[in-house]
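Order of the sequence lines fixes the chain letters, A, B, ..., with proteins taken first and strands second; residue numbering starts at 1 for each chain.
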Amino acid sequence: MDVLYFAWVRERIGLPKERVETSAETVRDLVAELVAREERYEAAFADLSALRVAVDQELSDFDAPLGDAREVAFFPPMTGG
Amino acid sequence: MDVLYFAWVRERIGLPKERVETSAETVRDLVAELVAREERYEAAFADLSALRVAVDQELSDFDAPLGDAREVAFFPPMTGG
Amino acid sequence: MVQVQEAAFDLGAELDSFGTGLADMGAIVSFTGVVRDVDGGLEAMEIEHYPGMTAKALEAIAADAMGRWSLGGVKIIHRFGRLVPGDQIMMVATAARHRKDAFEAAEFLMDYLKSRAPFWKKEHLKDGAQWVAARGEDEDALRRW
Amino acid sequence: MVQVQEAAFDLGAELDSFGTGLADMGAIVSFTGVVRDVDGGLEAMEIEHYPGMTAKALEAIAADAMGRWSLGGVKIIHRFGRLVPGDQIMMVATAARHRKDAFEAAEFLMDYLKSRAPFWKKEHLKDGAQWVAARGEDEDALRRW
């Protein structure tokens with residue numbers, strides 16, 4: 001699956017997008033796998049309440065099942081307008 | 001004093017403006033004097049709740065004293081915008 | 001701040017000139033009123049006003065808005081004379097740092113314009129003419145403020 | 001209905017083209033957001049977005065507004081990239097028969113754009129850069145609807 005990062009999440013992790021092979025069942029499981037990898041992921045995901053997630057380009061939540069999702073994106077609360 | 005009429009008040013009375021010599025103390029007294037003149041005034045002033053008045057170009061009410069007013073205007077409720 | 005005129009106005013040009021010099025204002029709201037032909041029989045809308053009072057009344061409404069909200073500017077243009085469906089009748093614009101102020105002030109201006117500015121509309125229909133009656137809900141709208 | 005673009009837009013031209021063909025809509029409301037330099041140290045505002053999701057998210061918000069109010073049309077333009085103080089960031093416009101619908105729908109669009117459209121702002125100040133934090137009051141504003 002493609003995992004995308006935006007704004008300061010992108011900056012902390014150091015890349016905008018990566019391909020991740022995972023069998024995580026939920027977004028939260030995927031986060032746990034990423035955090036276990038390297039410190040920069042731990043830093044980015046330290047406070048999930050400060051993050052938002054989109055699954056296949058729809059806003060979702062951390063307990064959502066990943067199912068056949070092809071794209072998961074992590075970012076801070078949006079500041080459009 | 002100048003007395004002005006707008007919209008259907010102007011149409012019923014048949015003129016937009018006239019010079020009126022009066023010693024009426026309030027707007028209501030002035031209306032009574034006008035109504036006593038001719039039927040077209042009576043028709044225009046038949047229902048005061050359907051009318052608005054401005055004294056010296058400020059919205060006012062029928063019990064307002066005329067004092068040294070130089071201009072009184074009668075018109076239906078406004079429909080701007 | 002206030003223009004009362006027979007001529008058409010260019011909404012885009014007016015908003016551009018309104019926004020210029022207000023660079024510290026993040027939010028600009030505009031309202032434009034357009035003559036609409038609801039039932040398909042409207043040939044023209046005639047707008048009468050009270051020349052001696054109109055500009056003063058609009059300026060008082062604008063000043064009231066400036067006092068109630070934190071605004072960088074207010075603009076009101078209202079036309080009079082004979083208009084046809086699709087013509088722009090009037091516009092208001094507000095500029096503020098915060099969108100809530102800009103929106104509320106624009107709604108306030110419109111509510112007051114509807115019922116407190118000396119304009120009267122007469123509809124010229126295919127089968128006759130009639131003065132537009134004031135609507136109770138427009139009077140009620142003033143109670144919000 | 002929705003445009004996401006790096007280029008500047010011409011508010012006046014956009015509103016003119018929006019209003020054309022909506023002659024039975026008497027009320028047009030617009031909101032324009034402008035980059036503001038509140039404390040005097042802002043050199044640029046960088047706007048990042050999520051290209052795959054942005055247009056879809058804005059279209060969903062616009063469709064939601066069309067379903068909640070009686071509207072003749074909705075327009076949203078949002079820019080991304082590097083902007084400077086005074087630049088227009090975005091606009092929404094709504095057209096309705098009644099001004100209340102046009103105003104409410106425009107406020108709804110703005111409230112949702114602020115917190116539910118995938119844009120992030122980074123301020124480039126004289127002495128460094130920082131991401132703009134979401135404000136609690138923007139999240140609260142959604143509860144109205």
Side-chain angles (χ1 to χ4, degrees), chain C residues 9-40 42 45 72 84-100 102-111 113-114 135 137-138 140-141 144, chain D residues 9-40 42 45 72 84-100 102-111 113-114 135 137-138 140-141 144:
Chain C
F9 57 87
D10 179 336
L11 173 64
E14 295 295 346
L15 280 178
D16 286 344
S17 75
F18 178 67
T20 303
L22 295 172
D24 57 337
M25 294 293 133
I28 295 175
V29 168
S30 77
F31 178 94
T32 317
V34 179
V35 177
R36 65 194 164 102
D37 182 9
V38 177
D39 299 317
L42 185 71
M45 177 78 85
V84 298
D87 280 355
Q88 293 173 338
I89 305 174
M90 48 71 61
M91 64 165 282
V92 304
T94 56
R97 290 198 166 203
H98 302 292
R99 71 184 187 283
K100 190 166 182 293
F103 271 118
E104 283 190 6
E107 288 190 79
F108 170 89
L109 291 172
M110 286 308 304
D111 285 347
L113 263 168
K114 283 273 170 193
R135 300 185 314 162
E137 63 191 87
D138 283 330
D140 294 344
R144 281 203 281 174
Chain D
F9 57 87
D10 179 336
L11 173 64
E14 295 295 345
L15 280 177
D16 286 346
S17 76
F18 179 66
T20 304
L22 295 172
D24 57 336
M25 295 292 132
I28 294 176
V29 168
S30 77
F31 178 94
T32 316
V34 179
V35 177
R36 67 194 163 104
D37 182 9
V38 177
D39 300 317
L42 186 71
M45 177 78 86
V84 297
D87 281 355
Q88 293 174 338
I89 306 174
M90 48 71 59
M91 65 165 283
V92 305
T94 56
R97 291 199 164 201
H98 302 292
R99 71 184 187 282
K100 191 166 180 293
F103 272 118
E104 284 190 5
E107 289 192 76
F108 170 88
L109 291 173
M110 286 308 304
D111 286 347
L113 262 169
K114 283 273 170 192
R135 301 186 313 163
E137 64 190 89
D138 283 331
D140 293 347
R144 283 202 280 176

Chain D interface, residue from Asp111(C), Asp10(C), Val92(C) that has the most non-hydrogen pairs under 4.5 Å: Asp111(C)
Minimum heavy-atom separation for Ala93(C) to Leu15(C), with atom names? CB-CD2, 3.8 Å
Options Gly12(D), Ala13(D), Ser30(D), ranked by heavy-atom pairs under 4.5 Å with chain C, top entry: Ser30(D)
Salt bridge (Lys or Arg N to Asp or Glu O under 4.0 Å) partners for Arg135(D), two or more places apart: Glu137(D), Asp138(D)
Residues two or more places apart in sequence or in another chain: which of them pass side-chain contact (heavy atoms from CB on, under 4.5 Å) with Ala105(D)? Trp69(D), Leu71(D), Thr94(D)
Taking side chain as everything from C-beta outward and backbone as N, CA, C, O, which of these in Ala141(C) sits under 4.5 Å from a heavy atom of chain D? Side chain, backbone, both or neither. side chain
Please flag which part of Lys114(C) lies under 4.5 Å from any non-hydrogen atom of chain D: side chain, backbone, both or neither. side chain
Val38(D) side chain reached by Arg97(C) side chain, heavy atoms, under 4.5 Å: yes
Can you tell which part of Ala27(D) gets under 4.5 Å to a heavy atom of chain C, answering side chain, backbone, both or neither? both
Phe108(D) and Arg144(D), any side-chain heavy atoms less than 4.5 Å apart: no
Look at Gln88(D), Arg99(D), Met110(D) and state which one has the largest set of heavy-atom pairs under 4.5 Å with chain C. Arg99(D)
